[in-house]
Colleague: 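Handing you a structure now.
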Amino acid sequence: MKAATKIRLVSIVLGCAALEAACRAGLIGRFTMVPPSRMLTSIAQILWSGRINDEIAATLSGVVIAAVSASLAGFLLGATLHAWPRARAAIDPFLATYYAIPIYVLYPMFLVLFGMNRIPIVVIGFMFAVVAMMTSTLNGLDRVPRALLKTALVLRMGWVSTVFRIVLPAASPYVLGGVKLATAYAFVGVLGAEFILSNSGLGYQIGLAFNNFDNPTMYGLILFVVFVVGSVNTALFAWERSLLRRQTR
Amino acid sequence: MSARGDSLILLGLVLLFWQGLYFVVGDIALAPPLATVGHAYELLASADFWPNVASSFRALGIAVLIEVFAGLVLGVLFGLNRLLGEVVEPVLVTFYSIPKIVFYPIVLMFCGIGLLSVVVFAVMHGILPILLFTMTAVRSIRPVFLRTARAMRLDFWQMLWSIALPATIPEVFTGLRIGFAGTMLGVLLSEMFGSKNGLGFMLMNAIGLNQVNLIMSLTLLLVSFAALVNLGLLHVDRRLHRR
């Protein structure tokens, strides 16, 4: 194990121990935060009882639908724009500004349009994710080496085989980087929308526990969300790195 | 120039789509573009709008000051110290990718309702891009600059001011631009739940009372403001990178 990893693990463990001590000693009030050990037992009980299984399923399926549809749509839109420079130049300022806009402010409008159900939540997740996928696709297609495209010409490859044997493999690390970003953004959009105003999902349950002063449940759920999102993102990050490594080999 | 014309055409298409959508769904859900602009104009002239603007901008200003200072100092520190950087980077990147909103109740528990929680939550959103961009940029400073600094026995602050900052200005500015967008989102979100004034509070109120015109005109103003600030910062950003 690398020294940095060791130091990181030790600091995290020490940090949790200090937090535990501060909570137990009353330095941090019982109504402010429950000790980390209590968060763990709380989430274990909640998961064991199965009473939030439906909420977990709702959130995760929302994220999956948003991320998959945003990845597909973002890829197609990115590829179209790449083939059509005039449209790309026109849309460029919109893409560059997109993430500066607080997308959640559109959520109330979607609530009115689609009603209080899962649809506006998934739409927000999709909107968070799709532009990241578009820009990653454009970036990946821009970086296909000229030499490879010329090789395809020299070998007189048709456009189908050029796309599948040259362009897509060369652009794949960036395209998958887009999928990673789209997934992370879909989590942000879905959980945020659930928290703001909804009647289902993990974000909603956290808000509910907060309003009921049910600290053990609230902190347990937050820990669970951090764990799930953290491990999904870490896995995607590792996958992307292995793809990039393969390409530079 | 023609690209700019095309962009305007695209903007026109968006407005047309909006108008078309209004014809389909009607008054309960949407206000048409022209009427929304009219309402936004009325809003700008109304008395109870500006105190909310002032309160949002105060929180935004304080948060930006804090995160720029802390983000720069920590970014340079983690960038210069290899081991420290390696220790914290995965933690920071993980935290960056987690939806901050799930931590909102914790912020409220510790800071209570009011300016403090708004600022803290906004800083949580905005500091990481500044910190991470600065750290990455400092790591790629040409080693000869750092050796020169060591030969001249500069202390940390002199190093920050006369070596690290000038060498990394374009990347730091990019971090700042992205951080600013996050900060604004943080201010609005936390005003929606944990404040009794501000634009986020106004928006949440309008949602509660289902005032479609107010929701739409506020949204229009917020989106326009965010877009204009970002386009301005983007302009500076691109000039810096071209140097």
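By convention in this document, chain letters (A, B, ...) are assigned in the order of the sequence lines, proteins followed by strands, and residues within each chain are numbered from 1. Any value given below was found using the heavy atoms of this structure, including those in side chains, with hydrogens, waters and symmetry copies removed. From a predicted model like this one, the values you see are computed outputs, not experimental measurements.
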Colleague: Relative to chain A, which of B:L189, B:V88, B:L188 shows the most heavy atom pairs under 4.5 Å?
Modeller: B:L189
Colleague: Would you say that A:F187 contacts B:S97 through its side chain, given a criterion of any heavy-atom pair below 4.5 Å between the two side chains?
Modeller: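 The answer is no; the side chains never approach within 4.5 Å.
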Colleague: Any idea which heavy atoms bring A:R8 and B:V91 closest together, and the distance?
Modeller: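 So the minimum-distance heavy-atom pair works out to CD-CG2, 3.6 Å.
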Colleague: Report the distance from atom NZ of B:K100 to atom CG of A:L191, rounding to the nearest 0.5 Å.
Modeller: 12.0 Å
Colleague: So, for A:A90 and B:D6, which heavy atoms are closest and what is the spacing to 0.1 Å?
Modeller: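 Smallest interatomic distance, heavy atoms only, reads CB-CB, 3.3 Å.
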Colleague: Does the distance from a Lys or Arg side-chain N to an Asp or Glu carboxylate O, for B:E86 and A:K2, drop under 4.0 Å?
Modeller: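 Salt bridge flag = yes for A:K2 with B:E86.
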Colleague: Against chain B, label A:F94 side chain, backbone, both or neither, depending on which of its atoms sit under 4.5 Å from a heavy atom there.
Modeller: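 For A:F94, the side chain is the part near chain B, not the backbone.
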Colleague: Considering only heavy atoms and a distance below 4.5 Å, find which of A:L113, A:I206, A:V225, A:I103 pairs most often with chain B.
Modeller: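 Highest number of heavy-atom pairs under 4.5 Å: A:L113.
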Colleague: Any heavy-atom pair between the side chains of A:F213 and B:M109 that's under 4.5 Å?
Modeller: no
Colleague: Please classify the contact of A:R86 with chain B as side chain, backbone, both or neither, using a heavy-atom distance under 4.5 Å.
Modeller: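 Both parts, backbone and side chain.
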Colleague: If you count heavy-atom pairs within less than 4.5 Å of chain A, which of B:P90, B:G182, B:A227, B:A226 leads?
Modeller: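 Highest number of pairs under 4.5 Å: B:P90.
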Colleague: Surrounding CH2 of A:W239 (heavy atoms of other residues, nucleotides or ligands, distance under 6.0 Å), is the total greater than 12?
Modeller: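 Counting other residues, nucleotides and ligands, CH2 of A:W239 stays at 12 neighbours or fewer.
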Colleague: Given that the side chain runs from C-beta out, which part of A:L181 has a heavy atom under 4.5 Å from chain B: side chain, backbone, both or neither?
Modeller: neither
Colleague: Less than 4.5 Å apart, side chain to side chain, heavy atoms only: is that true for A:V229 and B:P99?
Modeller: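 Side chain of A:V229 against side chain of B:P99, heavy atoms only: contact under 4.5 Å found.
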Colleague: Go through B:Y104 and A:F210 one step at a time and tell me if the ring pair (Phe, Tyr, Trp, His ring centres under 6.0 Å) criterion holds.
Modeller: CA-CA 10 Å; B:Y104 185 67; A:F210 173 64; 7.3 Å; no
Colleague: When heavy-atom pairs shorter than 4.5 Å are enumerated against chain A, which of B:L10, B:T94, B:L222, B:I207 gives the highest number?
Modeller: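 Looking at each option in turn, the highest pair count goes to B:L10.
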Colleague: Of the backbone (N, CA, C, O) and the side chain (C-beta and beyond), which part of A:I222 lies under 4.5 Å from a heavy atom of chain B, both, or neither?
Modeller: side chain
Colleague: Is there side-chain contact between B:F103 and A:V226, with at least one heavy-atom pair below 4.5 Å?
Modeller: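 Touching, per the 4.5 Å side-chain cut-off.
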Colleague: State, yes or no, whether a side-chain contact exists between A:T32 and B:F110 at a heavy-atom distance under 4.5 Å.
Modeller: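 Of all side-chain heavy-atom pairs linking B:F110 with A:T32, at least one is under 4.5 Å.
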Colleague: Side chain, backbone, both or neither: which part of A:I196 has a heavy atom under 4.5 Å from chain B?
Modeller: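 Both parts, backbone and side chain.
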Colleague: Quick one: what part of B:R82 sits under 4.5 Å from any heavy atom of chain A, side chain, backbone, both or neither?
Modeller: neither
Colleague: Any heavy-atom pair between the side chains of A:Y104 and B:L185 that's under 4.5 Å?
Modeller: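 B:L185 reaches A:Y104 side chain to side chain.
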Colleague: What distance separates B:F193 CZ from A:N211 CG, expressed to the nearest 0.5 Å?
Modeller: 9.5 Å
Colleague: Name the region of A:F110, side chain, backbone, both or neither, that has any atom closer than 4.5 Å to a heavy atom of chain B.
Modeller: neither
Colleague: What option among A:V190, A:T5, A:I7 has the most heavy-atom pairs under 4.5 Å with chain B?
Modeller: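 Highest number of heavy-atom pairs under 4.5 Å: A:I7.
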Colleague: I'd like to know whether B:I106 forms a side-chain contact (heavy atoms from CB on, under 4.5 Å) with A:Y219, so could you lay out the CA-CA distance, the side-chain angles of the two residues, the decisive distance to 0.1 Å, and finally the verdict.
Modeller: CA-CA 8 Å; B:I106 306 183; A:Y219 277 104; 3.6 Å; yes
Colleague: More than 12 heavy atoms of other residues, nucleotides or ligands under 6.0 Å from CG of B:L8: yes or no?
Modeller: yes
Colleague: First locate atom CD1 of B:I215, then atom CG of A:L106, and finally report the distance between them rounded to the nearest 0.5 Å.
Modeller: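 It comes to 11.5 Å.
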Colleague: Looking at B:L228, B:V212, B:L108, B:L218, which has the largest count of heavy-atom pairs under 4.5 Å with chain A?
Modeller: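 The answer is B:L108.
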